Amino acid sequence: MTSTKEPSLFPAAPARTLEPAVLARSLLAWYDSHRRVLPWRAPAGRTADPYHVWLSEIMLQQTTVVTVGPYFEAFLKRWPTVADLAAADLDAVLHAWAGLGYYARARNLHKCAQAVAGSHGGHFPDTEEGLRQLPGIGAYTAAAVAAIAFDRRATVLDGNVERVMARLFAVEEPLPGSKEKLRVLADTITPDRRPGDYAQAVMDLGATVCVPRKPRCGQCPWHDGCAARAAGIAETLPRKTPKADKPTRRGMAFWLLNPEGAVLLRRRPESGLLGGMIEVPSGDWLERPAQSLAAAGIQAPAAAKWRLLPGLVRHTFTHFHLELQVAAARVGGDSWKAAEGIWVPVDRLSDHALPTVMMKVVRHALGASEPSGGVF
DNA sequence: AAAGCGTGGCC
DNA sequence: TGGCCAAGCTT
């Protein structure tokens with residue numbers, strides 16, 4: 001007989017209009033008692049190292065806290081200061097970044113470190129405008145670093161804050177059109193005192209309480225002031241304009257072994273998809289039915305007796321699905337020495353910057369060559 | 001300014 | 001299981 005929905009019998013309490021200062025104060029009080037320990041976060045009452053804040057913020061772009069944790073620790077251990085990172089080889093940075101995705105971030109990370117170590121004497125700019133000039137730092141990250149590392153008043157607007165503001169003020173206009181409106185609303189609440197803590201608090205609220213599905217309104221410090229909760233539409237906000245469907249693209253990857261048991265890899269172009277990363281050579285990825293080995297063979301990295309491995313490698317990027325067939329061959333004699341790319345012993349593949357989709361290709365090829373691997 | 005750009009977890 | 005979502009930036 002109990003219902004999980006309350007609105008009909010017990011209408012939600014109407015929202016009370018709360019002053020910005022009241023909202024900021026109640027959120028900071030909530031933060032003080034719910035503060036999460038994160039690897040890049042300073043102890044209460046202290047400001048974090050700008051290098052740590054910047055590194056974590058770049059890694060956290062479109063990436064979850066759980067995923068970032070180990071990468072952050074590994075980067076910090078290997079490159080303890082921004083000068084160390086600036087002095088690193090780009091290839092080493094890409095390798096360490098492999099698996100995190102959005103690889104342009106790694107290239108910009110390296111560029112940014114070099115700018116800071118070079119033109120800025122090893123110190124990050126301490127203003128939003130200054131930070132905004134650096135590669136890989138956009139509106140959100142500039143505000144986050146200015147607030148968290150330098151305790152400057154800055155309005156952070158990430159996915160969390162967009163959701164929190166859309167609900168608090170019941171903004172029904174869909175994103176991304178409503179973004180500027182949400183930014184203004186967020187700005188009206190941002191306090192002059194403890195802006196760094198406030199920035200982390202409002203994002204924490206979105207990450208742990210005002211979550212996308214089944215928001216925990218009962219635990220929310222802004223419960224009384226929330227217009228969407230009062231109207232019973234919190235979970236439906238923020239609205240978003242529908243995204244285009246993802247097309248499926250198909251291609252062929254070429255797994256080529258030489259007599260020494262090494263596989264041919266090559267570096268992708270510096271810009272675009274998986275820019276600068278290492279790949280198993282593959283032909284074009286096009287939106288047409290799976291190509292025949294004969295047709296795809298034209299794009300093979302060497303003449304050889306290619307055989308098609310059973311099965312498919314599937315992977316989904318942000319904007320398309322990919323289905324990759326894998327062709328395998330061995331080359332003998334000396335002819336393989338002319339092939340374009342790098343020959344890597346199969347047990348040394350982890351020394352290279354292979355993105356996840358390419359690790360899937362490797363696993364597929366190795367699995368097919370070993371009877372215990374699954375396909376036989 | 002709309003589109004391109006990774007990946008893993010969740011239900 | 002397929003779509004949604006995650007501390008967005010660049011061109």
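Values below: all heavy atoms of this structure, side chains included; hydrogens, waters and symmetry mates excluded. Chain naming here is simple, since letters A, B, ... match the order of the sequence lines and numbering starts at 1 in each. Note that the structure is predicted; figures quoted are calculated from it, not measured.
Here the P atom of nucleotide dT11(C) and the CD atom of Glu270(A) are 14 Å apart, to the nearest Å. For Leu60(A) and dT7(B), the CG to P distance is 18 Å, given to the nearest whole Å. Between the NZ atom of Lys214(A) and the C1' atom of dC4(C) there is a distance of 15 Å, given to the nearest Å. Protein atom CG of Leu354(A) is 14 Å distant from nucleotide atom C1' of dG6(B), rounded to whole Å. Whole-Å rounding puts the Leu322(A) CG to dC5(B) P distance at 12 Å. Distance, Lys243(A) NZ to dC4(C) P: 7 Å, rounded to whole Å. Summarising the geometry, the separation between CH2 on Trp97(A) and C1' on dC5(B) is reported as 13 Å, rounded to the nearest angstrom. The distance from atom CG of Asn108(A) to atom C1' of dG8(C) is 12 Å, rounded to the nearest whole Å.
Closest to the Arg163(A) side chain, of the nucleotides dT10(C), dG6(B), dC5(C), is dC5(C). Here dT7(B) is the nucleotide among dT7(B), dC9(C), dA6(C) with the atom lying nearest to any side-chain atom of His315(A). Side-chain proximity of Trp40(A) to dG6(B), dC5(C), dA7(C): nearest is dA7(C). Side-chain proximity of Arg213(A) to the nucleotides dC10(B), dC5(B), dT7(B) is greatest for dC10(B). Of the candidate nucleotides dA6(C), dG3(C), dC9(C), dC9(C) has the atom lying nearest to any side-chain atom of Tyr140(A).
No side-chain N or O of Glu323(A) forms a donor-acceptor pair with one of Thr248(A) less than 3.5 Å apart. One side chain, Arg163(A) or Asn160(A), offers a donor N or O that lies under 3.5 Å from an acceptor on the other.
Note on Gln62(A): every side-chain N or O is 4.0 Å or more away from OP1 and OP2 of dA6(C). Applying the 4.0 Å criterion to OP1 and OP2 of dC9(C), one finds that Thr141(A) has a side-chain N or O inside that range. At dT7(B), one or more side-chain N or O atoms of Thr356(A) fall inside 4.0 Å of OP1 or OP2 (strictly under the cut-off). Between dA3(B) and His319(A), no contact under 4.0 Å exists linking OP1 or OP2 to a side-chain N or O. Contact annotation: Tyr102(A) does not reach the phosphate of dG4(B) (side-chain N/O to OP1 or OP2, under 4.0 Å).
Across Leu55(A), Asp84(A), Ile58(A), a single residue satisfies side-chain contact (heavy atoms from CB on, under 4.5 Å) together with Phe75(A), and that is Leu55(A).
When the nearest nucleotides of DNA chain C are assigned to Gln200(A) and Gly136(A) by heavy-atom distance, the more 5′-ward of the two goes with Gln200(A). Toward the 5' end of DNA chain C, the nearer of the two residues Lys111(A) and Arg36(A), judged by each one's closest nucleotide, is Arg36(A).
Look at the P atom in both dG8(B) and dC9(C): the space between them is 22 Å, to the nearest Å. Here, dC10(B) and dA7(C) have their P atoms 15 Å apart, quoted to the whole Å.
Within the model, atoms CH2 of Trp222(A) and CG of Leu168(A) stand 6.0 Å from one another, a figure rounded to the nearest 0.5 Å. Separation of atoms CG (Leu324(A)) and CG (Leu312(A)) is listed at 8.5 Å; rounding is to 0.5 Å.
Arg183(A) has a carboxylate O that lies under 4.0 Å from a charged side-chain N of Glu180(A), or vice versa, which qualifies the two as a salt bridge. For Arg266(A) and Glu279(A), the salt-bridge test passes: some basic side-chain N is under 4.0 Å from an acidic carboxylate O.
Among the atoms of the strands shown, none is found under 4.0 Å from any heavy atom of Val161(A). At the heavy-atom level, Ile58(A) lies nowhere under 4.0 Å from the strands shown. No engagement by Leu157(A) is indicated, since no non-hydrogen atom pair under 4.0 Å with the nucleic acid exists. Gly99(A) comes within 4.0 angstrom of the backbone, heavy atoms only, and of no base. Residue-level contact check: Ala199(A) touches neither bases nor backbone, having no heavy atom under 4.0 Å from any strand.
Interface remark: the Thr63(A) side chain does form a donor-acceptor pair with the dG6(B) base, using a distance-only criterion of under 3.5 Å.
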